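This structure is a prediction, so every number in the text was calculated from the model and none was measured. Reminder, nothing fancy here: chain letters follow the sequence lines and each chain counts from 1.
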Amino acid sequence: MIRFGDVLGLADDALIAAQRLGEWCSRAPEMEEDIALANIALDQLGAARLLFAYAGELEGHGRSEDDFAFLRGDREFRNVQLVELANGDFAVTMAKLLFLSAYQRLLYDRLAGGTDERLAAIAAKARKESAYHVDHSSRWVVRLGDGTDESHRRMQSGVDAVWPYTHELFEGSSADLREPWLAEIDKVFAEATLTRPADGWAPTGGRRGLHTEALSRLLAEMQVLHRAHPGATW
Amino acid sequence: MIRFGDVLGLADDALIAAQRLGEWCSRAPEMEEDIALANIALDQLGAARLLFAYAGELEGHGRSEDDFAFLRGDREFRNVQLVELANGDFAVTMAKLLFLSAYQRLLYDRLAGGTDERLAAIAAKARKESAYHVDHSSRWVVRLGDGTDESHRRMQSGVDAVWPYTHELFEGSSADLREPWLAEIDKVFAEATLTRPADGWAPTGGRRGLHTEALSRLLAEMQVLHRAHPGATW
Amino acid sequence: GDPQGYFDAIVAADQKVEPRDWMPEAYRKTLIRQIAQHAHSEIIGMQPEGNWISRAPSLKRKAILLAKVQDEAGHGLYLYAAAETLGISRQELVEMLIEGRQKYSSIFNYPTLSWADVGAIGWLVDGAAIVNQVPLCRCSYGPYARAMIRICKEESFHQRQGYEILYTLSHGTPEQKAMAQDAVDRWWYPSLAMFGPSDSDSTHSEQSMTWKIKRFSNDELRQRFVDMCVQQAGVLDLRIPDPDLRWNAERGAHDYTQPDYDELMQVIKGNGPCNRQRIEHRRRAHEEGAWVREAAAAHAAKKAVAHV
Amino acid sequence: GDPQGYFDAIVAADQKVEPRDWMPEAYRKTLIRQIAQHAHSEIIGMQPEGNWISRAPSLKRKAILLAKVQDEAGHGLYLYAAAETLGISRQELVEMLIEGRQKYSSIFNYPTLSWADVGAIGWLVDGAAIVNQVPLCRCSYGPYARAMIRICKEESFHQRQGYEILYTLSHGTPEQKAMAQDAVDRWWYPSLAMFGPSDSDSTHSEQSMTWKIKRFSNDELRQRFVDMCVQQAGVLDLRIPDPDLRWNAERGAHDYTQPDYDELMQVIKGNGPCNRQRIEHRRRAHEEGAWVREAAAAHAAKKAVAHV
């Protein structure tokens, strides 16, 4: 039985990831990468919109995608903390994207075969996109990990910084996805000559609306214009 | 005859300068400097509040200091662009502060002896503070200019980057302050072994509400909470 | 054979010059300069609109804007590729941009101050670009002409999106309408200036006409643009900020006030509001990405060795 | 004479040990650890509240908050100076902080999620600090005791400001009241944990008592804090998030639920929500300021030479 809060969590993951990826626009290390990151941001944004629409129906209070995106405070967002973390350098961004999209692919795979037809349809579309996101980010993780000394150092340090936030992905009903997720990640790490960080600190709270200090700042920027014109159409 | 818009311009200069200086909080190169920058930010904020109160009276529409600070968009702000520029490194910040406070001191000196008694009182207080700001920033400009090779390079590059924005300070009725201002700045530059940049590009528009792309972002952050709770008391 | 004669004949017959063909050195240089400037404009042009991606006021608009800025990166890539057929590398071109040795369109040296600017850029700037670029689809140099066909199709899509943004704003709340009018007020004259100096002061033009790189004069294109905008501004219910704008029945065209060409010259010289900011942004992205590009090259080299 | 005997007599007579006096090495080490931890707490403590300076909802509140965070930097400086009288330099202490070899109060490893958190920190965190610190004004080590007198005066000012913020919120709009309650809900137990483990698990305590560095047990101070808060929470019209909180007439004190000491141990070990962020922020400020400090030193050296 899919609950409103679960769908909202997935939607928020996708929206906040899109917002962070959008910050790279015109700042990527190569022009091809500007295009790729915008593409992935668009995929995440597209998934978020479909999920918000469905969440609105499940809730039954008539909230639209823009109501969800622009008129909630950070304590009402249900995304994992991983997606709200600052972009950092390109290595941190690729670590975040790999960890998120490998999780999303597994989750969408499961939902695509589930009994909730509406969610199955959304997931069937999104999982193809996730496969591309995994492919893109794991290629970069390999290139950077097995590139120069400098890029190896940065990639390992990015992985180390982000790793603690991956535990939150597997809380609750997605706990059993961690095994296949680790298998996928380990394969990438092996090729990238990276060391998987030890498990230990596992920050959490995002799914309950407890976020890092970064989220309210992200929302201040994202929501400023929409909130300045209550009720306006765009 | 002092006009509402002139007072508002001075208030906005001080407010936006305070907001930028406040961003340094807990990030300064020394703990003593954390205290000094907060002090200067407090002075600027204090002057802004007195000036807003007076502007509100001149306007006569009952607007409070918070109405001015939190409920205008960037096109309604009248500060010079100099103060809204990003902080940059410590050298850029000190260049901005020296240029601004040397101007403010001259201007407050004049206003303190002027016929508008209300403004004279505000200026009499503020000019003492400005003298301290000039002293503090010029000491740093000298230390950095005549410090290490690295600090000299950064200080000259900070001065070069900010210089074009100083022209706007001397538009209109403050045009004749540029001579004494240059004399002050040249003295500092000489001791700091810095080269005064050539005059050329002179960006302008702030006093007419035409700002850089930085101001609307600064305001988005500064105003987010106040605007989220219309009519609330804090 | 006589290569110059062959080249002249191809051009005269409105056929395409291709990369393998002989061409006059001045033709090659003119094309490199023009295509590079065009490519740089697409890349720098990502910044003013990119400034509003994070703040787009609805998710639909955010998606449209992200896709548009992405298209601009794509246009930049086609155009660098077209320039590369003339024997210069993308890397050289990018360095010339960052060092200020090649120009980009001066329009991108103005700031985007509100969301309505995104609409105004779509309507006016992309509109002016289309008027400029449609004739380039018939340019004598094949790779450039083909790139332009693809680009023009997307640009007209972008222009319509900008028009829709402004239409929604001008038919929205009073604040939204004021925002739209303010944007049009600020972008109108810079858009007119996109067509370059008036014909009497324009350099390069005559030779480019002969080579069929250019087919209409700056003033002809500017007039076409003004006539197009007047009509659309009516539907938008927005005022073009020119008190002397009026229909001239004799000329069958609108009389209008020329843009401030002294200002244009200042912006071209580097003294627009955002010249330094735009180049600094580009330089920083390039420098901060250096370690990534080096890593990719090092990794590729390792793999290549492994495959030998 | 017998230095240990003299030292013991001074302490027993409630007089002050001064820097020039002989003192046991363990006393010195304990004091350095405690004063340094206290100084670090002031410096790290600038971050959670500093997070809201840019967004303070009125100019008056912005000024008060700026001044408060500035005071914290000042407290840090007094305390580093007090530690320096024990023969260790500020630079060494700062390095130990950044390298994680010395601690700071675990309370600052929680995030400030709303403006009300600034109020809750003032009311609860500064309130707990005062309860902890007032006895330190009578500490046996003179420089520390004198620093604490000055600090406590300012802290009680801060506590009142935090209380006022919460009072205004709880008597404001429903959204403001909810924000205030949410902040109290999140900060209550971490504030209780500020007094350290319960007496049965506390190390160091007995010796510190003998040395008159510490005068009350953790549990005594915690009880004092709870009793103080209950009364004030009533006036604030905010609920303390402890369903078992009630007056115990027999003890003449409130019964209350202990904080989660396992969580406290996790935070102390480095696994609180913000440990890494706080240290990383401090480390970055320190490293990014290195060129400035070097320049100041180089300039001072030049001037010194010039004066010889």
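Chosen from B:Glu32, B:Gln223, B:Arg227, the residue pairing most often with chain D at heavy-atom distances under 4.5 Å is B:Glu32. Heavy-atom pairs under 4.5 Å with chain B peak, among D:Glu288, D:His281, D:Gln47, D:Glu164, at D:His281. With chain D as the partner, the residue from B:Glu221, B:Met155, B:Arg154, B:His152 showing the most heavy-atom pairs under 4.5 Å is B:Arg154. With chain B as partner, the option from D:Ala290, D:Ala300, D:Ala67 having the largest number of non-hydrogen pairs under 4.5 angstrom is D:Ala67. Heavy-atom pairs under 4.5 Å with chain B were tallied for D:Gly50, D:Pro57, D:Ala297, D:Gly289; the largest tally goes to D:Pro57. Between chain D and the residues B:Arg49, B:Arg139, B:His226, the most heavy-atom pairs under 4.5 angstrom are made by B:Arg49.
Pairing each heavy atom of D:Leu66 with each of B:Ala41, the nearest pair is CD1-CB, 3.9 Å. Across B:Thr148 and D:Ala298, no two heavy atoms sit closer than the pair CG2-CB, 3.8 Å. Contact detail for B:Ala28 and D:Arg282: the closest heavy-atom pair is O-NH2, 4.4 Å. Of all the heavy atoms in B:Gln19 and D:Ser54, the pair that sits closest is NE2-O, 3.0 Å. Between D:Ser58 and B:Asp66 the shortest heavy-atom distance is CB-OD2, 3.1 Å.
Taking 4.5 Å as the limit, every side-chain heavy atom of D:His286 sits out of range of all side-chain heavy atoms of B:Arg27. Proximity of B:Cys25 to D:Met46: side-chain heavy atoms (C-beta onward) are separated by under 4.5 Å at one or more points.
Within 6.0 Å of atom CZ in B:Arg118, more than 12 heavy atoms from other residues, nucleotides or ligands are found, so the atom counts as buried in its surroundings. In the displayed structure, D:Lys302 atom NZ is contacted under 6.0 Å by more than 12 heavy atoms of other residues, nucleotides or ligands. More than 12 non-hydrogen atoms from other residues, nucleotides or ligands lie less than 6.0 angstrom from CZ of B:Phe70. Heavy atoms of other residues, nucleotides or ligands lying less than 6.0 angstrom from CZ of D:Arg150 number 12 at most. Within a 6.0 Å sphere centred on CD of D:Gln91, heavy atoms belonging to other residues, nucleotides or ligands number 12 at most. The neighbour count for B:Glu191 CD, taken as heavy atoms of other residues, nucleotides or ligands under 6.0 Å away, does not exceed 12. Atom CZ of D:Phe157 has 12 or fewer neighbouring heavy atoms from other residues, nucleotides or ligands inside a 6.0 Å radius.
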- Query: What do the steps show when you test D:Arg55 against B:Met222 for side-chain contact (heavy atoms from CB on, under 4.5 Å), and what is the final call?
  - Reply: CA-CA 5 Å; D:Arg55 292 175 285 178; B:Met222 185 172 91; over 6 Å; no
- Message: Let's go through B:Met31 and D:Arg90 carefully: what are the C-alpha distance in whole Å and the side-chain angles of both, what is the deciding distance for side-chain contact (heavy atoms from CB on, under 4.5 Å) to 0.1 Å, and is it a yes or a no?
- Response: CA-CA 11 Å; B:Met31 288 169 203; D:Arg90 197 215 292 185; 3.9 Å; yes
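Heavy atoms of D:Thr173 lying under 4.5 Å from chain B belong exclusively to its side chain. When heavy atoms are compared at a cutoff of 4.5 Å, D:His171 does not approach chain B at all. For D:Val292, the parts lying near chain B are the backbone and the side chain together; criterion is any non-hydrogen pair under 4.5 Å. For D:Ala56, the part sitting under 4.5 Å from any heavy atom of chain B is the backbone (N, CA, C, O) and nothing else. For D:Ile44, no part lies under 4.5 angstrom from a heavy atom of chain B. Residue D:Leu59 touches chain B through both its backbone and its side chain, counting heavy-atom pairs closer than 4.5 Å. Neither the backbone nor the side chain of B:Asp149 comes within less than 4.5 Å of any heavy atom of chain D. Only the side chain of B:Leu15 comes within contact range of chain D, with heavy atoms under 4.5 Å apart.
Panel note: side chain D:Gln70, backbone B:Ile35; a donor-acceptor pair is recorded below 3.5 Å. With D:Arg61 contributing its side chain and B:Trp234 its backbone, the two residues share a donor-acceptor pair below 3.5 Å. For D:Gln176 (side chain) and B:Thr233 (main-chain N/O), a donor-acceptor pair under 3.5 Å exists by modelled atom type. Of the possible polar contacts, none joining the D:Arg293 side chain to the B:Glu30 backbone as a donor-acceptor pair under 3.5 Å is found.
One distance of note links CG of B:Asp34 with CD of D:Glu72; it measures 11.0 Å at 0.5 Å rounding. Once rounded to the nearest 0.5 Å, the distance linking CZ of D:Arg278 with OG of B:Ser26 reads 9.0 Å. Taking CG of B:Leu144 as the start and CH2 of D:Trp291 as the end, the distance is 5.0 Å to the nearest 0.5 Å.
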